[in-house]
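Keep in mind that what you see is a predicted model, and the values were worked out from it rather than measured. Because only heavy atoms are used, hydrogens play no part in the values below, and waters and symmetry mates are left out as well, while side chains stay in.
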Amino acid sequence: MLDTAEGYVTEDGRKIGGVVMEMKNITLRFGGVVAIQDISFDIRQGEIRAIIGPNGAGKSSMLNVISGFYNPQEGEVWYQGAKRPAMKPYEVAQQGIARTFQNIALFEGMSVLDNVMTGRIRQMSAGMVAQAIWKGKAEREEIKNREAVEKVIDFLEIQSIRKTPVGRLPYGLKKRVELARALAAEPSILLLDEPMAGMNVEEKEDMSRFILDVNDEFGTTIALIEHDMGVVMDLSDRVVVMDYGKKIGDGSPDEVRGNQAVIDAYLGVAHD
Amino acid sequence: MFYREAGDFKTSYAEDNQTFPIKFDRYRYYVVLVLAFAVVPFIINDYWVNAVFLPFLIYSIAAIGLNILVGYCGQVSLGSGGFMAVGAYACYKLMTSFPDVNIAIHVMLAGAITAAVGVLFGLPSLRIKGFYLAVATLAAQFFLVWLFNRVPWFYNYSASGQISAPERTVFGIPVTGAETAPWAAYLFCLVFAVASALIARNLTRGMIGRKWMAIRDMDIAAEIIGVNPLKAKLSAFAVSSFFIGIAGALFFAIYLGAIEVGEAFGINKSFLLLFMVIIGGLGSIFGSFAGAAFLVLLPVLLKNLLVVGLEWPTDLATHLEFIIVGGLIILFLVAEPHGLAQLWRVAKEKLRLWPFPH
């Protein structure tokens, strides 16, 4: 059973709660290719959980399993104390799991504001007729959610581009808008797929600050994939290390850093 | 000079969300509305109504419908002629079966029936995309026209196979049939066109519009952030077909009065509507009006210029008209692939800063 009661306190004094999501013996195959092999790990309330590994290790596949894009052949996903049945991605999103993508997946034809507003799908339920006449619930809902979205826009410091079409923005800002869209959903778990890929040092610093602030201010649980080891070791509370679809390490950044299997996977090992 | 955002402060999100955030735009819109409702009906004659205003208004409604599907939701459809036929025949059957009910209600019901048919033919969109979907919707076009040709029930077993609209009145004033005054037909269509534009605008600026656009721009990402693709696509088909059905009903009942399905709603009509949407601008309500105006007004203008102005023979003028309109379409799409609406947007952006370049 899931242990939701226990928690721990980090060195910097943040309280980490019980387990919100647990992956149990996940195996994912594409035909003959085994992308993920018998992996188990958990994500605790309020922590920043990193998934690392060399290229092709199956990290993104793992994230896709969590967000419901792939359904694993074997294993179970437990979420908030219950086993999650096979679901469509939009149903997973409705449960409060939001994500960003390795290659930005924004809606290029829409403004920044509209993009971030799409993050509020879960919170908006006005019917089509109400929306057609733009009165009553539809109008109230639109304004209420706009207020929530403006807070996120304010938080990520993208006020000045709110009405700009996303297609016109530079890469770093697009990444930030994508984070804003995920945050607007007020997710219980936020999945970040390489949030710092292709960024320069300053942009990485900005993004790291945002990730820490999100976790700190909203208490959002974050699972992230990242290649920049410095960033991963600084940000995350616990790290899962994958290689060739298998889990080779799991623990605090320091433990992982000292793990011989992890060192071998990253630096290579002499074969004699 | 007058076209400025400066000094026009918005203090609530409702104000910021409005359709025309710039004062000048807002007043221009009101002026156009007043002109359309209070001035035009008094000065138009039969020629203007039948050659210009009715086709323009009716095609605008159809273009708004198609634009929602193609421009906002990204699902290409070549079945719009067939859907217009559904609207026309639904309206005809309703008019003849329930003669006591107001024609306006029949037109709306015809839209609703077309919406249901549209959803049915939208089902393939859940599996196929792009050109392949366009080909699948062609099936709707041919099947529906065939159906209305072959099943006599639809045309009430009339000998000619045509359907013709009986006289119906609104507030005691005939809007269909031979006795219709030009202004009455015009006003009837204008009300539907304005209402369609308002509804379409409200839908596209709200959550449902965002879902459609999300599906259009990147369907996988849309699904992962919580858009149900089934609901989004089918609702786009429903709303789109609703407007196209209304346009079909008006086209039959008000504009032509009597139609033969293959002639009025053939594949040509589907292409014409698609051209309107592309030339007007995909994903723009204004573009739907602009595209309809372009393709309705340009031929009329050319005909007047060549036949009346230069006194050319009619047949020569007609053929030249095809060449000129075709050439203009190509020229225009090369110069501005995003349509008239984009030209309009760029002009407005420039106007905001005028006379300064930045």
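- At least one side-chain heavy atom of A:W134 sits less than 4.5 Å from a side-chain heavy atom of B:R205.
- Scored by the side-chain hydrogen bond (donor to acceptor under 3.5 Å, both in side chains) test, A:S61 finds no partners at all (sequence neighbours excluded).
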Please output the side-chain donor-acceptor pairs of residues 217-225 of chain A that fall under 3.5 Å, not counting sequence neighbours, one pair per line with the distance.
| residue | atom | partner | partner atom | Å |
| --- | --- | --- | --- | --- |
| A:T221 | OG1 | A:G46 | N | 2.9 |
| A:T221 | OG1 | A:S188 | O | 3.4 |

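- Residue A:Q95: no heavy atom, backbone or side chain, is found under 4.5 Å from chain B.
- Within residues 206-217 of chain B, the residues having any heavy atom closer than 4.5 Å to a heavy atom of chain A are B:G206, B:M207, B:I208, B:R210, B:K211, B:M213, B:A214, B:R216, B:D217, listed by residue number.
- Among residues 97-117 of chain A, the residues having any heavy atom closer than 4.5 Å to a heavy atom of chain B are, in sequence order, A:R99, A:F101, A:I104, A:A105, A:L106, A:F107, A:E108, A:G109, A:M110, A:D114, A:M117.
- The environment of B:F20 atom CZ is dense: over 12 non-hydrogen atoms of other residues, nucleotides or ligands sit within 6.0 angstrom.
- Interface remark: A:Q131 contributes backbone and side-chain atoms alike to the contact with chain B (heavy atom separation under 4.5 Å).
- Using a 4.5 Å heavy-atom cutoff, the side chains of A:E150 and B:Y13 are in contact.
- How far CG of B:N202 is from CD of A:E142: 10.0 Å, rounded to the nearest 0.5 Å.
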A:M128 vs B:V239, test: side-chain contact (heavy atoms from CB on, under 4.5 Å). Steps then yes/no. CA-CA 10 Å; A:M128 205 195 286; B:V239 173; 3.5 Å; yes
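- In A:R168, the CZ atom is not crowded: 12 or fewer heavy atoms of neighbouring residues, nucleotides or ligands sit closer than 6.0 Å.
- Contact tally against chain B (heavy-atom pairs below 4.5 Å) for A:P89, A:A93, A:A138, A:P187: the top residue is A:P89.
- If you measure heavy-atom distances from A:I133 to chain B, the contacts under 4.5 Å come from the backbone alone.
- Looking at B:A222, both its backbone and its side chain come within 4.5 Å of chain A, counting heavy atoms on both sides.
- Between A:Y90 and B:I225 there is no side-chain heavy-atom pair separated by less than 4.5 Å.
- Within 6.0 Å of NZ in A:K83 there are 12 or fewer heavy atoms belonging to other residues, nucleotides or ligands.
- Heavy atoms from other residues, nucleotides or ligands lying under 6.0 Å from CZ of A:F30 number more than 12.
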